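These notes concern the structure reproduced below.
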Amino acid sequence: MGNVSTKRLGDILNLKRGYDLPASKRKIGIYPVLSSGGVSGYHNESKASGPGVVIGRYGTLGEVYFVDGKYWPHNTALYVTDFKRNDPKYVYYLLKCLGNLQTADKSTVPGVNRNDLHERGVPYIGPEFQNKIAAVLSALDAKIELNNRINAELEAMAKTLYDYWFVQFDFPCLPPDYQSVGARKPSCHDREGKPSGLDAVCTYRAVGGLPVPEAGKHFVYVLLCLPASGDARVCDDCSFYIGMTDDLYRRWFEHKTGHGAKWTKANRPIKVIHHETFDSKEAAATREKELKTGFGRKWLKREYQKLLKFDIGGSPAHQSKLMQAGKMVYNEKLRRKIPEGWTVDSLAGLIASDKSGDWGKENLQGSYTEQVFCMRGADLNGLNGLGDLKPPTRFILKKNRHKLLKQNDFIVEISGGSPSQSTGRLAFVCDDVLSRFDSPVICSNFCRAFSLRNEGLVFYFSKLWSSIYDHGILFGWEGKTSGIKNLLFDSFVSAYWAVVPCAEVLRKFNALAAPVQAKKQKLLFENQQLTSLRDFLLPMLMNGQVQVA
């Protein structure tokens, strides 16, 4: 690689302060607003075109951002107006390795003076080699970004699953002792004769609580269907399908997959709204014919109207004679219905014990001999894969080793927050998390760690708390001490009640959530290694110690 020289930064690029744009004056648009801390919003106008490089002036000093396309550089940042024929990505990495910037403004808020930066001497490599350096570092960043996108998609999948199962109560409910019976086998069966995907379509709201097949038993069933045109929520517009079977779950699967009947192939089945059990096929056939008569259909419609009328707002639905699937029971604590057989508990009732934080000493001294990594509130996003993870190393007393974090612990942020972000960020600790550190881990005294009484609830609890946080509920449980917001943790967990799923549903949820968590942690560990490699190479590439072939 060519010789490395030293140049004024101002000979390589030109920096300019950005433009003021208060949040109150921003209009909905597609152009990112680049502030000292990164993208702070979007606007319908831009002030600069990419590729661009932005460096923070206030608050987060020296943070550097690369942007493609048009953008609005905020006045809390400097942006490059002229790259002077240098590769923009090379300039981006050069600025990233400048280290801590000197503050020179005389204002009360420390800032970076662009004139001082222009006079700063930096190592410089000619344009003919800049793109090679940028390509190596960009490849590492691209892989890190790809891993982050995969993790974001995994997290979105987990949240969607949580919403379907534990908010809408549309979870798989196939009984564990279910065995398919009957000679009729649609084409979509696996090698063992069990309908493939049966568990996925047999959800609680559709078929929950139906009887399992039993020798000699036959069932008459009624499906609520969505007509080819119309809305099944309106009774006058809804359709009923009446049938008979010896296996309600298999038959439901056949209807859902288009193998049941021409009617249900054209009119989508919604759920089983009625079923009756008979000791013989003949008795079931007789009842099926009765329901298919004009009188029978009027009876069904009348009873379904009762179900709709009396099954709203927690009122009992006993006025209807329909034996519908997916029975919901009104709960006084939650003031809403939950699946039959589920329970409720306060968050405090789910928590087994908690550990106070520790800050220890910066250096090894006296009785402070136990080296640990200390997780602050600012590190929780990094633990969750939403930013850099740089917890400080501290030394604590040996007698405080009981505060060390272990598998299935949670860390919650107690102090911090902002007007737009409440306290209460949560991170789940597993063995994969702990393996990312070469010393034990604790949380700081501005956080709190706790474990659950039932470790089978850890994945569910993690998503439950995330939902609480995302919906802004924790804003209502904050106090202030010396101007700093604090989460009233004990009061909140004692007052907030949540549904507790049954063991079988938790088992199924954990079977899906565990590999997702393992995949996320594997990618986070890979990112940690890639980041270390990039940060190791960055200064050596810039000063010529390492050359690109």
Side-chain angles (χ1 to χ4, degrees), residues 59-63 99-100 110 351-418 421-452 455 458 462 465 469 474 478-493 521 524-525 527-529 531-532 535-536:
T60 312
L61 295 181
E63 290 293 330
N100 295 325
I351 295 173
S353 60
D354 61 80
K355 307 169 184 177
S356 59
D358 199 337
W359 189 234
K361 301 292 184 181
E362 183 177 359
N363 300 304
L364 179 66
Q365 56 181 278
S367 300
Y368 292 85
T369 59
E370 302 297 307
Q371 180 173 314
V372 297
F373 283 100
C374 189
M375 295 295 161
R376 306 156 299 179
D379 298 308
L380 298 190
N381 278 346
L383 272 181
N384 292 324
L386 301 176
D388 292 335
L389 180 59
K390 298 178 180 178
T393 300
R394 307 289 293 185
F395 292 86
I396 64 172
L397 297 170
K398 190 172 183 178
K399 68 177 183 179
N400 287 341
R401 284 186 60 85
H402 66 278
K403 297 181 179 182
L404 299 181
L405 300 180
K406 59 179 178 40
Q407 166 88 338
N408 292 335
D409 276 348
F410 290 93
I411 312 172
V412 63
E413 175 190 35
I414 298 298
S415 296
S418 69
Q421 175 181 287
S422 72
T423 52
R425 285 181 292 183
L426 187 82
F428 172 52
V429 178
C430 60
D431 285 339
D432 288 331
V433 169
L434 299 175
S435 68
R436 291 160 61 186
F437 304 95
D438 54 14
S439 293
V441 181
I442 63 168
C443 65
S444 75
N445 43 19
F446 292 105
C447 296
R448 184 181 295 190
F450 61 88
S451 58
L452 302 182
E455 291 191 347
V458 291
S462 176
W465 189 283
Y469 181 84
L474 296 179
E478 292 181 322
K480 283 190 177 181
T481 303
S482 302
I484 300 175
K485 295 199 301 181
N486 296 292
L487 176 64
L488 305 175
F489 180 82
D490 292 326
S491 298
F492 170 68
V493 298
Q521 292 303 325
L524 289 176
F525 179 70
N527 276 3
Q528 183 174 306
Q529 293 177 309
T531 301
S532 296
D535 294 345
F536 174 74

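The shown structure was predicted, so the numbers you read here are calculated from the model rather than taken from an experiment. Residue indices begin at 1 and follow the sequence shown.
In this structure, Cys447 and Ile414 approach most closely via the heavy-atom pair C-CG1, 3.8 Å. Shown here for Lys485 and Thr423, the closest heavy-atom pair between the two residues is O-CG2, 3.8 Å. Listed here is the closest heavy atom pair of Cys374 and Pro391: O-CB, 3.4 Å. Between Ser462 and Phe428 the shortest heavy-atom distance is OG-CB, 4.4 Å.
Between atom CD1 of residue Ile396 and atom OH of residue Tyr368 there is a gap of 10.0 Å, rounded to the nearest 0.5 Å. In this structure, Glu478 CD and Leu487 CG are separated by 7.0 Å, a value rounded to the nearest 0.5 Å. Between Phe536 atom CZ and Thr531 atom OG1 the span is 15.0 Å, to the nearest 0.5 Å. A distance of 9.5 Å separates CZ of Phe437 from CG of Leu405, quoted to the nearest 0.5 Å. A distance of 11.0 Å separates CG in Leu474 from CD in Gln421, rounded to the nearest 0.5 Å.
With sequence neighbours left out, the side chain to side chain donor-acceptor pair (under 3.5 Å) criterion links Arg394 to no other residue. For Ser422, the side chain to side chain donor-acceptor pair (under 3.5 Å) criterion is met by no residue, not counting sequence neighbours. Gln521 is linked by a side-chain contact (heavy atoms from CB on, under 4.5 Å) to Cys430, Asp432, Val433, Arg436, Gln517, Leu524, counting only residues two or more places apart in sequence or in another chain. Scanning for side-chain contact (heavy atoms from CB on, under 4.5 Å) contacts around Leu426 gives Phe410, Val412, Phe450, Trp465, with sequence neighbours left out. Not counting sequence neighbours, the partners of Leu488 by the side-chain contact (heavy atoms from CB on, under 4.5 Å) test are Ser491. Residues forming a side chain to side chain donor-acceptor pair (under 3.5 Å) with Ser353 (at least two apart in sequence, or on another chain): Ser451. Applying the side-chain contact (heavy atoms from CB on, under 4.5 Å) test to Gln371 and every residue at least two apart in sequence or in another chain returns Thr393, Phe395, Ser439. Applying the side chain to side chain donor-acceptor pair (under 3.5 Å) test to Asp354 and every residue at least two apart in sequence or in another chain returns nothing. Listed by chain and number, the residues in a ring pair (Phe, Tyr, Trp, His ring centres under 6.0 Å) with Phe525 amount to none (sequence neighbours excluded).
By the 4.5 Å heavy-atom criterion applied to side chains, Leu383 and Leu389 are counted as neighbours. Leu434 is listed as a side-chain neighbour of Val429, based on a closest heavy-atom distance under 4.5 Å. Taking the side chain as every heavy atom from C-beta outward, Asp490 and Arg448 approach each other to under 4.5 Å.
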Without placing hydrogens or testing angles, list every side-chain donor-acceptor pair under 3.5 Å for residues 356-366, not counting sequence neighbours.
residue	atom	partner	partner atom	Å
Asp358	OD1	Gly360	N	3.0
Asp358	OD2	Asn400	ND2	3.1

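Screening residues 375-385 for side chain to side chain donor-acceptor pair (under 3.5 Å) gives Arg376-Asp379 as the qualifying pairs, with residues at least two apart or on separate chains. Applying the salt bridge (charged side-chain N to carboxylate O under 4.0 Å, His left out) test to residues at least two apart or on different chains, the pairs with a partner in residues 407-418 are Lys355-Asp409, Lys406-Asp409, Glu413-Arg425.
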